[in-house]
Undergrad: 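Sending over a structure as structure tokens; questions will come in a sec.
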Number of protein chains: 2
Amino acid sequence: MNETDEKPKDDQQPTRRSTVTVHDVARLAGVSSMTVSRVVNGTKVREPLRVKVQAAVEELNYVPNVAARAARSGTNRIGVLFSNPRSSNLGDFLMGAFQQAGTDGTQIIVEPAAGHRHAVDAVRKLVEMGADGIILPPPLCDSLEALDVVWAAGIPALSFATADPRSHSSAVLIDDFEGARAMTRHLIELGHRDIAFVRGDPGHSPALRREEGFRAAMAEARVPIDRARLIDGMFTYRSGLDAGRQLLEVDPAERPSAVFASNDDMAAAITAVALGLGISVPGELSVAGFDDTPIASLMWPPLTTIHQPISEMASKAVEILGESVRHRRSGKEPLVRHHVCTFKLMHRGSTGPRA
Amino acid sequence: MNETDEKPKDDQQPTRRSTVTVHDVARLAGVSSMTVSRVVNGTKVREPLRVKVQAAVEELNYVPNVAARAARSGTNRIGVLFSNPRSSNLGDFLMGAFQQAGTDGTQIIVEPAAGHRHAVDAVRKLVEMGADGIILPPPLCDSLEALDVVWAAGIPALSFATADPRSHSSAVLIDDFEGARAMTRHLIELGHRDIAFVRGDPGHSPALRREEGFRAAMAEARVPIDRARLIDGMFTYRSGLDAGRQLLEVDPAERPSAVFASNDDMAAAITAVALGLGISVPGELSVAGFDDTPIASLMWPPLTTIHQPISEMASKAVEILGESVRHRRSGKEPLVRHHVCTFKLMHRGSTGPRA
DNA sequence: CTGTTAGCGCCTTCAG
DNA sequence: CTGAAGGCGCTAACAG
């Protein structure tokens with residue numbers, strides 16, 4: 001339409017970015033593009049050159065082109081097998097995974113496991129889509145069967161946030177035992193003795209480890225555990241509601257002074273039940289969770305919980321699996337790594353000194 | 001350690017995938033690789049050829065190499081400027097955005113706006129990192145200043161989930177007005193007349209549109225709106241708690257029979273307040289929200305709300321912005337598109353007939 | 001409509 | 001340790 005030369009200056013966008021390549025940097029630094037590549041990738045290069053290149057990179061605002069890099073070095077495709085697409089920390093997971101992926105040109109394929117009769121089919125699908133490695137988030141990370149299927153497909157698997165890493169597959173995790181122990185201590189230090197613990201899904205390894213951590217801390221403090229204070233739960237909000245009612249719909253004198261739920265969803269539900277019964281939190285009841293999912297800071301009062309650095313863990317997972325894949329490509333023996341991330345106790349508003 | 005040649009057969013992984021390229025497909029189909037490329041990308045190819053190629057693709061399980069494609073066609077880098085990294089639908093957003101990005105080799109750069117004194121700085125940072133286009137999620141999508149900064153940088157911007165799309169920048173949105181109107185009608189059809197409305201952050205365009213939708217539906221049904229039933233809120237759980245108390249801590253006869261909160265977080269808070277006061281939901285009070293964030297299906301009772309297809313919207317946003325960037329690269333005039341997605345009323349447990 | 005040619009930006013490989 | 005050559009898999013651009 002508008003093929004004339006008259007360009008309405010004021011309605012025109014100004015600058016236009018032109019792509020900066022290794023060659024531009026190389027020219028400016030007076031070296032070969034290979035040297036630039038090496039500097040950027042952290043390979044050995046003598047100091048004087050490295051400095052000049054760095055300067056040129058900064059001056060030109062050079063950003064490596066991940067796609068081109070991947071095209072040359074062989075693209076890794078990593079599959080993520082999601083069983084629960086609305087899992088509360090999905091956001092953090094993807095954030096971390098894709099950040100790492102963007103850095104090294106890894107391609108990520110997300111496949112919802114629901115809709116498949118069996119994990120087997122989902123894995124097969126991923127393999128057909130060209131996955132070179134597969135990340136198994138909970139609860140699949142604990143499924144020996146799923147792990148076996150991936151193994152049988154001839155590609156490396158990585159268990160994400162399992163508490164039971166297997167020796168022939170990689171894993172990224174936190175120490176659930178220590179996390180629960182730390183939280184229990186926190187409660188004890190606040191003066192609580194009558195502490196209830198709400199279990200998680202027994203088919204999920206962290207649930208067990210967390211209970212052990214709770215028991216350990218109680219034992220160390222020589223606080224006996226009343227069996228009636230150990231409540232079954234399933235990690236769902238719904239099961240937390242049930243646990244809360246069981247624990248709190250009783251004579252005030254019979255109530256525990258603190259509840260440690262093995263995840264945030266249940267802790268949130270218990271808090272809602274407490275508030276519903278007119279029990280003040282943390283005034284009359286302290287509530288603690290585990291995971292630090294978004295709900296923990298969304299609810300009121302904000303939840304004291306154990307922060308799992310999901311995003312960082314996801315990024316590490318992609319990195320490790322990527323290495324495994326490259327290893328395998330070059331014919332080396334399988335690379336298996338277990339990476340333990342550090343958790344952090346987030347002391348927020350839902351726990352306080354015993355009344 | 002284990003450098004011997006003895007390989008324990010049973011502990012060895014089997015198959016290994018070899019990469020399938022356009023050429024393999026071309027050879028099998030008896031055509032040129034260009035034709036394969038065209039078929040895969042949906043360009044015009046005569047039927048007989050297209051069929052043969054398709055067959056070869058399936059037989060070989062060919063999957064295009066996104067990285068290589070991007071390397072050749074020019075990689076798009078799209079920046080996302082997050083102001084609220086724990087926003088509840090971040091997960092859905094990233095899921096959709098990265099899915100699309102994975103399909104067309106777009107590189108996504110996420111930058112938290114917090115930590116920057118001004119949106120300007122964040123945008124500048126993104127541009128320095130090589131962004132060719134920028135997506136502005138709420139509340140930045142409504143900031144004329146942010147839009148201007150991007151414009152000044154010479155690259156296209158896209159407002160995500162604004163209710164006020166601007167004419168010189170693209171946008172992906174739902175019709176907030178119609179969504180609120182639909183929800184209000186739902187409440188009216190259930191027999192409610194005394195309906196309270198909790199406003200959202202007035203600095204955020206959807207808040208206004210939603211209120212208008214509410215008013216429109218009430219007017220159509222000739223139900224007068226009592227000013228005292230219009231409560232200010234800020235889209236936060238905390239502000240929902242306040243609104244809930246204001247509305248519900250009164251004589252039962254004075255309570256509305258339904259509350260329509262302009263987002264889910266506030267609706268969840270109001271539900272918690274109601275339950276806390278012993279008011280049954282939906283028995284004595286219906287509560288409705290807007291957005292369908294994870295909390296809506298997590299809470300109890302599950303929330304009736306308006307579903308925004310965030311994931312689909314994000315994917316569309318990346319697609320549209322990608323086109324704009326390609327347009328600009330090839331020197332055509334700016335491409336601006338406004339895409340309106342369809343919302344869906346999710347009738348769940350928190351609303352019911354008037355008592 | 002289809003095929004040919006020529007690289008995208010980078011890095012593997014192999015000389016020097 | 002550094003540079004030169006070559007090509008990863010794919011698709012613009014042009015020819016036929």
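Residue numbers start from 1 in every chain, and the chains themselves are labelled A, B, ... in the order their sequence lines are given, proteins ahead of strands.
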Undergrad: Go through D:dT2, D:dA12, D:dA5 for me and flag the one nearest to the A:Val45 side chain.
TA: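 It is D:dT2.
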Undergrad: B:Arg72 has a side chain; which of C:dC10, C:dA6, C:dT2 sits nearest to it?
TA: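 So the side chain of B:Arg72 is nearest to C:dA6.
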Undergrad: Between B:Asn41 and B:Thr43 (side chain of the first, backbone of the second, donor and acceptor by atom type, cut-off under 3.5 Å), is there such a pair?
TA: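 Between the backbone of B:Thr43 and the side chain of B:Asn41 there is no qualifying donor-acceptor contact (under 3.5 Å).
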Undergrad: State whether A:Arg326 and A:Glu323 are salt-bridged, where the test is any N-O pair (Lys NZ or Arg NE/NH1/NH2 against Asp/Glu carboxylate O) under 4.0 Å.
TA: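 No, this pair does not count.
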Undergrad: Flag the pair B:Phe82 / B:Phe93 as yes when their ring centroid distance falls below 6.0 Å, and as no otherwise.
TA: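 Judged by ring-centre distance (under 6.0 Å), B:Phe82 and B:Phe93 do meet the cut-off.
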Undergrad: Out of the candidates B:Leu28, B:Asp24, B:Val40, only one should pair with B:Tyr62 under the side-chain contact (heavy atoms from CB on, under 4.5 Å) rule; please name it.
TA: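 The option that passes is B:Val40.
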Undergrad: Return the residues of residues 52-70 of chain A meeting this criterion: a heavy atom under 4.0 Å from some atom of DNA chain D. Order them by number, or give none.
TA: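 Listed by number, there are none.
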Undergrad: Think A:Thr35 has a side-chain N or O under 4.0 angstrom from the OP1 or OP2 of D:dG3?
TA: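 For D:dG3, OP1 or OP2 has a side-chain N or O of A:Thr35 closer than 4.0 Å.
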Undergrad: Tell me which one of B:Leu126, B:Leu321, B:Val149 satisfies side-chain contact (heavy atoms from CB on, under 4.5 Å) with B:Ile134.
TA: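 Exactly one candidate clears the test, B:Leu126.
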Undergrad: Parallel under 30°, tilted from 30 to 60°, perpendicular over 60°: which one fits the rings of A:Phe98 and B:Phe98?
TA: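 The arrangement is parallel - the two ring planes meet at less than 30°.
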Undergrad: What is the distance from atom NZ of A:Lys44 to atom CZ of A:Arg38, rounded to the nearest 0.5 Å?
TA: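 Atom-to-atom, A:Lys44:NZ and A:Arg38:CZ are 13.0 Å apart.
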Undergrad: Using five base pairs at each end, measure the axis-to-axis angle across the helix from C:dC1-D:dG16 to C:dG16-D:dC1 and round it to 10 degrees.
TA: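 So the angle between the two local helix axes works out to 30°.
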Undergrad: Taking the minimum atom-to-atom distance to the side chain of A:Met34, which one of D:dA4, D:dT11, D:dC1 wins?
TA: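 Looking only at heavy atoms from C-beta outward on A:Met34, the closest nucleotide is D:dA4.
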Undergrad: Please list, in numerical order, the residues of residues 21-30 of chain A that have a heavy atom closer than 4.0 Å to any atom of DNA chain D.
TA: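 Of all residues in residues 21-30 of chain A, none places a heavy atom under 4.0 Å from DNA chain D.
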Undergrad: Return the 5'-most residue of the pair B:Arg38, B:Ala71 with respect to DNA chain D, ranking by each residue's nearest nucleotide.
TA: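 Result of the comparison: B:Ala71.
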